[in-house]
Number of protein chains: 2
Amino acid sequence: MENKVKNYADEEHCPVRNVLDRFGDKWSMLVLMLLSDMEVLRFNEIHKYIGTISQKMLTVTLKKLEADGLVERKAYPEIPPRVEYSLTKRAKTLMPIIQDLAQWANKNMADIQDSRRKVV
Amino acid sequence: MENKVKNYADEEHCPVRNVLDRFGDKWSMLVLMLLSDMEVLRFNEIHKYIGTISQKMLTVTLKKLEADGLVERKAYPEIPPRVEYSLTKRAKTLMPIIQDLAQWANKNMADIQDSRRKVV
DNA sequence: CGGGATCCCTGCCGATACTG
DNA sequence: CAGTATCGGCAGGGATCCCG
């Protein structure tokens, strides 16, 4: 076990680095959780739920998630245009883990903030 | 369920944002996983395992994790000095989730990279 | 050995204005 | 409505030098 050490330096192939590079940014995980709750949402609906995100960052975030095959984008050829976003199957296999993470955060956030105050 | 919508905009109290602000950075989760595997490590040992991290960032990362009560620091009053780092109990409750995340990443990384190539 | 202190640069992200 | 284009601030992070 200890003689076969993983490669913690290899940025290209380290799965953790790779997964964090994808939704470790400011908004991705929030969008994923929102879509997980609401199933299908239009662009401006997401924008309203996450009140503090800028239009630009929402666009960038959705494109990145779409490129990773985590979010599906359906555009309807209407005027005015309508675009619906939803989670892919791949993203749905990820959500239970995200939920666990959120639960852990909920339980431990207060204590962590206390720890931080003592040190700072 | 759908009429009681969570507050996705509240940055201060959103647990996901709060947890990601803590170890969503470039190195924290990697350090946590390394310490989870090796139990106890000295500063320079961590530095060698994660070959690409700078001394400064390792210092910053460890301080942040210590402030959050996720890493314990033991300094021995010797010359030359010796400092040992290990996970706290709180961090150990987090690690199963991190492991799940890593497993998910391992399984899906290749497919995600394929998706990305098609789009880009 | 285990850091601190500084300099500097990249890129994330926000704000604003414009478009089909 | 659902974006695109552009400008700019500033924080994350790397490189280097210094210290007890």
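Letters A, B, ... are given to chains in the order of the sequence lines, protein chains preceding strands, and every chain is numbered from 1.
Distance from the side chain of B:R73 is smallest to C:dG3 among D:dG13, C:dG3, C:dC1. Closest contact between the side chain of B:V83 and the listed nucleotides C:dC13, C:dG2, D:dA2 involves C:dG2. The nucleotide whose nearest atom lies closest to any side-chain atom of B:Q55 is, among D:dG13, C:dG2, D:dA2, C:dG2. Taking only side-chain atoms of A:K26, from C-beta outward, the nucleotide of C:dC13, D:dC1, D:dG13 with the closest atom is C:dC13. Checking D:dT4, C:dC1, C:dC13 against the side-chain heavy atoms of B:R42 singles out C:dC1 as nearest. If you check C:dG14, C:dA17, D:dA15 against the side chain of A:S54, the one that comes closest is C:dG14. Side-chain proximity of A:F43 to C:dG4, D:dG13, D:dG3: nearest is D:dG3. Listed nucleotides: D:dA2, D:dA5, C:dG2. Nearest to the side chain of A:K56: D:dA5.
Rounding to the nearest 0.5 Å gives a distance of 11.0 Å between CZ of B:R22 and CZ of B:R17. With rounding to the nearest 0.5 Å, the separation of NZ in A:K64 from CG in A:D25 is 4.0 Å.
Atom pair A:M57:CE and D:dA2:P shows a separation of 19 Å (rounding to whole Å applied). Separating the CD1 atom of B:I46 from the P atom of C:dC1 is a distance of 15 Å, rounded to the nearest angstrom. In this structure, B:I79 atom CD1 and C:dG2 atom P are separated by 13 Å, rounded to whole Å. Rounded to whole Å, the distance from CG on B:L58 to P on D:dG12 is 17 Å. Atom-to-atom, CG of A:D25 to C1' of D:dA11 comes out at 15 Å; the value is rounded to the nearest Å. Rounded to an integer number of Å, the gap from A:K48 NZ to D:dC1 C1' is 10 Å.
Note on the helix from C:dC1-D:dG20 to C:dG20-D:dC1: terminal axis deviation equals 50°, with five pairs used at each end and the result rounded to 10°.
Defined by atom type and a distance below 3.5 Å, a donor-acceptor pair is missing between the side-chain atoms of A:R73 and A:S86. Judged by distance alone, the side chains of B:Y76 and B:E84 do bring a donor and an acceptor atom under 3.5 Å apart.
Ring planes of B:F43 and B:Y85: tilted class, angle from 30 to 60°.
Taking side-chain N and O atoms only, B:K63 has no distance below 4.0 Å to OP1 or OP2 of C:dG3. Under 4.0 angstrom from either OP1 or OP2 of C:dG3 there lies at least one side-chain N or O belonging to B:Y85.
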Problem - Residues A:L32, A:V71; criterion side-chain contact (heavy atoms from CB on, under 4.5 Å); working and verdict - result: CA-CA 8 Å; A:L32 289 178; A:V71 157; 4.2 Å; yes

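When B:T59, B:V60, B:L58 are each tested for a side-chain contact (heavy atoms from CB on, under 4.5 Å) with B:L62, only one passes: B:L58.
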